[in-house]
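Position 1 is the first residue of the sequence; numbering continues from there.
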Amino acid sequence: MRAGPGRRVHVGAADRRDGQPGAAGRAPAADRPEKVRNVVLVGHSGAGKTTLVEALALTTGAVNRAGRVEDGGSVSDHDEIEQRQQRSVQLSLVPVEWDGIKVNVLDTPGYADFVGELRAGLRAADAALFVVSAAQDGEGIGGPTRIVWDECAAVGMPRAVVVTHLESARAGFEETAAQFARELGGDDPDAVLPLYLPVHGPEGPDGHAPVTGLAGLLTQRVYDYSSGERVEHDPDAGLLPRLTEARNRLIEGIIAESEDETLMDRYLGGADIDVDTLVTDLERAVARGSFHPVVAAAPAADGARQGIGTVELLELITGGFPTPLERAVPPVTTLDGGRTTLSCDPEGPLAAEVVKTSSDPYVGRISLVRVFSGTLRPDETVHVSGHGMEDRGHEDHDVDERVGALSSPFGKHQRPVPSAAAGDLVCVAKLSRAETGDTLSGKDRPLLMEPWRMPDPLLPVAIEAHSKADEDKLSQGLSRLVAEDPTMRLEQNPATRQVVLWCLGEAHADVALERLRTRYGVQVDAVPYKVSLRETFGEAATARGRHVKQSGGHGQFAICDIEVEPLPVGSGIEFVDKVIGGAVPRQFIPSVEKGVRAQAARGVVLGFPVVDIRVTLSDGKAHSVDSSDAAFQTAGALALREAAAACRIHLLEPVAEVGVQVPDAYVGPVMSDLSGRRGRVLGTEPAGPGRTLVRADVPEIEIGRYAVDLRSLSHGTGRFSRHYARHEPMPAALAAKMRQQEEAERAG
């Protein structure tokens with residue numbers, strides 16, 4: 001059974017004229033968890049999520065006119081980059097109020113490159129609205145949507161479906177709802193059913209009949225929006241057969257999810273089931289994530305206060321979605337690893353999490369925080385615990401910080417709030433050390449929340465400062481950038497001497513570089529990414545290193561004879577002393593080794609480190625006065641260069657162990673593509689229902705853009721991982737091409 005102080009039963013009920021919209025300009029407030037709903041909007045790019053947020057803000061009275069990204073008036077896509085690119089690139093929070101309930105609407109980007117923002121939204125929310133366009137001919141139910149649906153199902157997150165773009169001439173609400181049920185309903189497509197059906201007006205000159213309202217299946221009432229206001233009336237006779245058929249199916253779906261086992265028997269026996277009973281069972285099924293209603297929505301006409309379906313959607317959110325009390329707090333530990341159990345209690349110990357970090361040119365760093373337990377208040381000192389992620393540029397940290405002002409975001413504006421109780425979302429100013437994913441807790445009881453899973457950034461983008469002035473600011477700008485975005489990894493590769501930003505895709509990289517320029521004043525140039533090649537000897541060789549100089553004063557004298565032979569891959573560099581008779585004094589033998597190793601690190605042909613060789617010092621000469629440590633270091637380096645000039649030098653390239661997970665239908669194309677990249681397919685194994693993991697060894701030089709190419713090849717349904725395995729000899733033709741490129745770069 002659903003818990004629920006303050007639970008209202010009105011999903012699909014008669015027209016509610018008593019919904020009290022929040023006053024424009026005032027931040028909605030909630031002092032108890034049962035007065036909060038946290039809902040995240042998920043969907044394909046272009047499905048209409050941002051337009052839906054604007055419609056909800058208009059219906060609740062939070063705005064007087066629905067804004068648009070194009071004119072910079074959207075409360076959701078207000079960032080200057082979003083306005084330039086005309087698409088969402090970051091998570092945004094739009095709090096509204098309906099019927100005394102604060103609804104935190106989290107709008108997420110639909111483009112796959114910004115999946116980190118989507119996962120942050122899922123972490124902050126208690127329920128998800130999957131937004132799909134009825135005008136996209138099924139394209140809105142793509143691979144990324146399926147993946148997120150399955151992830152929500154795995155954790156039992158309540159989900160509903162919103163079908164948008166009903167105003168389009170190609171719109172097909174019932175076809176879209178049926179497709180969603182077939183493809184995402186799993187074993188029970190009757191768990192994904194409409195609560196309303198669109199009602200169409202008369203056909204226009206173009207033969208298109210616009211949607212003018214909705215017909216409630218449970219109440220069998222029509223909610224007509226054609227006048228600009230929501231008006232309730234009985235359905236027309238022509239609508240009844242279609243309405244009755246859909247209603248019967250909905251009732252059967254609700255009863256199948258009911259906890260009252262006698263309900264189905266009564267229904268099959270011909271008994272009328274009370275609408276209030278059906279609504280109550282529906283709300284319970286929605287809140288526990290076993291039934292997923294489908295609703296329709298369209299933006300408000302010019303001058304209208306309500307878009308089609310926005311009131312019905314708000315009723316679903318406030319009446320059918322769970323309160324924070326009904327969702328479990330993520331696992332929490334003490335700093336020494338001990339488990340602790342928390343509940344969504346405003347009087348409990350403080351446990352909050354930073355779900356997003358951004359920077360404001362005037363305010364500084366702003367942290368969007370979800371409070372899971374306790375109450376967060378301004379000017380109090382909290383403990384900030386960071387998991388680290390050293391591979392992405394984030395070190396572990398445990399510090400005490402003073403909380404700045406608390407505010408509720410609304411577009412570009414921050415509206416002050418006095419506190420944030422358990423279950424709510426709030427923005428915190430000036431937490432200088434807190435990063436996305438960090439835990440805020442009481443300084444006398446530090447806690448650490450289990451992090452949510454973030455995708456690995458697998459697209460490398462090498463960058464250079466555009467000017468000396470940019471170089472001075474680059475380090476600080478990059479550190480701030482990765483603090484805001486945990487899906488980005490910063491690498492300073494000592495082998496290639498490149499600064500590399502690892503991103504999720506090209507769009508992700510473009511936004512990162514633009515933020516560096518506009519937000520932190522750092523102009524950078526993208527340069528070709530280099531892999532860490534190495535050199536090794538292809539055969540044995542002998543050489544003499546002779547360093548003899550006499551130019552007045554103290555001279556330099558050192559001669560050493562060496563033998564070099566190749567070793568198996570992974571052996572490193574071995575140095576062997578076989579000098580007989582003291583030809584090289586004992587105190588200078590370490591000097592020869594130091595010179596050999598230093599030259600190996602610098603390379604002998606193209607400047608890549610030399611590996612997997614054995615260097616044997618066999619003979620040499622010294623001078624009682626002019627020999628020195630420096631002279632024998634130089635002689636050792638010269639000897640290795642001379643040996644390299646006398647034999648074949650092989651280039652070694654890094655090979656990655658790659659795991660590609662795709663639907664079964666794409667296994668063949670993926671394996672063929674990997675083979676075309678000089679990969680060796682090692683095998684396949686099941687990776688869940690309808691999915692396969694393909695394992696292969698692939699040269700890293702061939703997979704620099706694989707994050708982009710796999711997305712295209714698998715239509716957004718594939719994921720892959722990569723880990724360095726070893727270095728292997730590069731094919732002779734490719735090695736020759738690499739030598740030509742390196743020589744051309746040096747000459748240029």
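Distance alone, capped at 3.5 Å, places no donor-acceptor pair between the Thr692 side chain and the Val662 backbone. Without hydrogens or angle criteria, His165 side chain to Ser133 main chain gives no donor-acceptor distance under 3.5 Å. A donor-acceptor contact shorter than 3.5 Å links the side chain of Thr164 to the backbone of Ala47. Arg159 places no side-chain N or O within donor-acceptor distance of the main-chain N or O of Phe130, the cut-off being under 3.5 Å. Of the possible donor and acceptor atoms, one in the side chain of Asp224 sits under 3.5 Å from a partner among the backbone N and O of Ser226.
At a threshold of 4.5 Å between non-hydrogen side-chain atoms, the residues Val667 and Val670 do not count as touching. Using a 4.5 Å heavy-atom cutoff, the side chains of Glu151 and Met157 are not in contact. Side-chain contact between Leu368 and Leu91: present, with at least one pair of heavy atoms (C-beta onward) separated by less than 4.5 Å. Leu195 places none of its side-chain heavy atoms less than 4.5 Å from the side chain of Leu217. Counting heavy atoms from C-beta on, the side chains of Asn248 and Tyr267 come closer than 4.5 Å. For the pair Asp424 and Val371, the minimum side-chain heavy-atom distance is 4.5 Å or more. Contact check for Asn104 versus Val36: side-chain heavy atoms found under the 4.5 Å cut-off. Tyr225 has its side chain out of reach of Thr212: every pair of non-hydrogen atoms, C-beta onward, lies at least 4.5 Å apart.
To the nearest 0.5 Å, atoms CG (Leu314) and CZ (Arg37) are separated by 12.0 Å. Atoms OG1 and CG, from Thr51 and Asp107 in turn, are 9.5 Å apart once rounded to the nearest 0.5 Å. Separation of atoms CD (Glu315) and CG (Asp99) is listed at 8.5 Å; rounding is to 0.5 Å. Atoms CG and CD1, from Asp281 and Ile255 in turn, are 8.5 Å apart once rounded to the nearest 0.5 Å. Annotation: the span from Glu506 atom CD to Tyr111 atom OH amounts to 7.5 Å, rounded to 0.5 Å. Interatomic distance, Arg711 CZ to Thr717 OG1, rounded to the nearest 0.5 Å: 11.5 Å.
The two residues Ala134 and Thr176 have their closest heavy-atom pair at CA-OG1, 3.5 Å. Smallest separation of non-hydrogen atoms from Leu693 and Ala687: N-CB, 3.9 Å. Closest heavy-atom contact between Leu166 and Ala298: CB-CB, 4.3 Å. Contact between Ala191 and Ser290 at its shortest, heavy atoms only, is CB-O, 3.6 Å. Nearest heavy atoms, Asp31 versus Ala421: O-CB, 3.9 Å. In terms of heavy atoms, Val295 sits closest to Phe173 at O-CE1, 3.8 Å.
Heavy atoms from other residues, nucleotides or ligands lying under 6.0 Å from CD of Glu261 number 12 at most. Counting heavy-atom neighbours within 6.0 Å of His233 NE2, excluding the residue itself, gives a total above 12. Enclosure of atom CG in Asp272 is not indicated, since only 12 or fewer non-hydrogen atoms of other residues, nucleotides or ligands lie within 6.0 angstrom.
Salt bridge absent: Arg284 and Glu257 never bring a charged side-chain N and a carboxylate O closer than 4.0 Å. Between Asp126 and Arg370, at least one side-chain nitrogen of the basic residue sits less than 4.0 Å from a carboxylate oxygen of the acidic one, meeting the salt-bridge criterion.
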What's the verdict on salt bridge (charged side-chain N to carboxylate O under 4.0 Å, His left out) for Arg249 and Asp190, showing C-alpha distance, side-chain angles and the deciding distance? CA-CA 8 Å; Arg249 190 178 177 197; Asp190 284 341; 2.8 Å; yes
With side-chain contact (heavy atoms from CB on, under 4.5 Å) as the criterion, how do Leu425 and Leu106 come out once you've worked through the C-alpha distance, each side chain's angles and the decisive distance to 0.1 Å? CA-CA 10 Å; Leu425 288 158; Leu106 293 150; 4.1 Å; yes
For Ile254 and Ile273: C-alpha separation, side-chain torsions, deciding distance, then whether side-chain contact (heavy atoms from CB on, under 4.5 Å) applies. CA-CA 11 Å; Ile254 294 172; Ile273 308 300; over 6 Å; no
Test side-chain contact (heavy atoms from CB on, under 4.5 Å) on Val294 and Phe180; report intermediate values, then the result. CA-CA 9 Å; Val294 182; Phe180 214 101; 5.9 Å; no
With side-chain contact (heavy atoms from CB on, under 4.5 Å) as the criterion, how do Trp149 and Glu183 come out once you've worked through the C-alpha distance, each side chain's angles and the decisive distance to 0.1 Å? CA-CA 11 Å; Trp149 182 273; Glu183 299 188 16; over 6 Å; no
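Checking each of Leu239, Leu243, Leu214 against Val222 for a side-chain contact (heavy atoms from CB on, under 4.5 Å) leaves exactly one that passes, namely Leu239. Under the side-chain contact (heavy atoms from CB on, under 4.5 Å) rule, Val131 has a single partner from Val53, Thr108, Leu41, Thr145, which is Leu41.
In terms of the ring-ring contact (aromatic ring centres under 6.0 Å, His included) criterion, His508 has no residue partners (sequence neighbours excluded). For Lys49, the salt bridge (Lys or Arg N to Asp or Glu O under 4.0 Å) criterion is met by no residue, not counting sequence neighbours. For Phe291, the ring-ring contact (aromatic ring centres under 6.0 Å, His included) test picks out no residue, with sequence neighbours left out.
Using modelled atom types and a 3.5 Å distance limit, the side chains of Ser258 and Asp260 yield no donor-acceptor pair.
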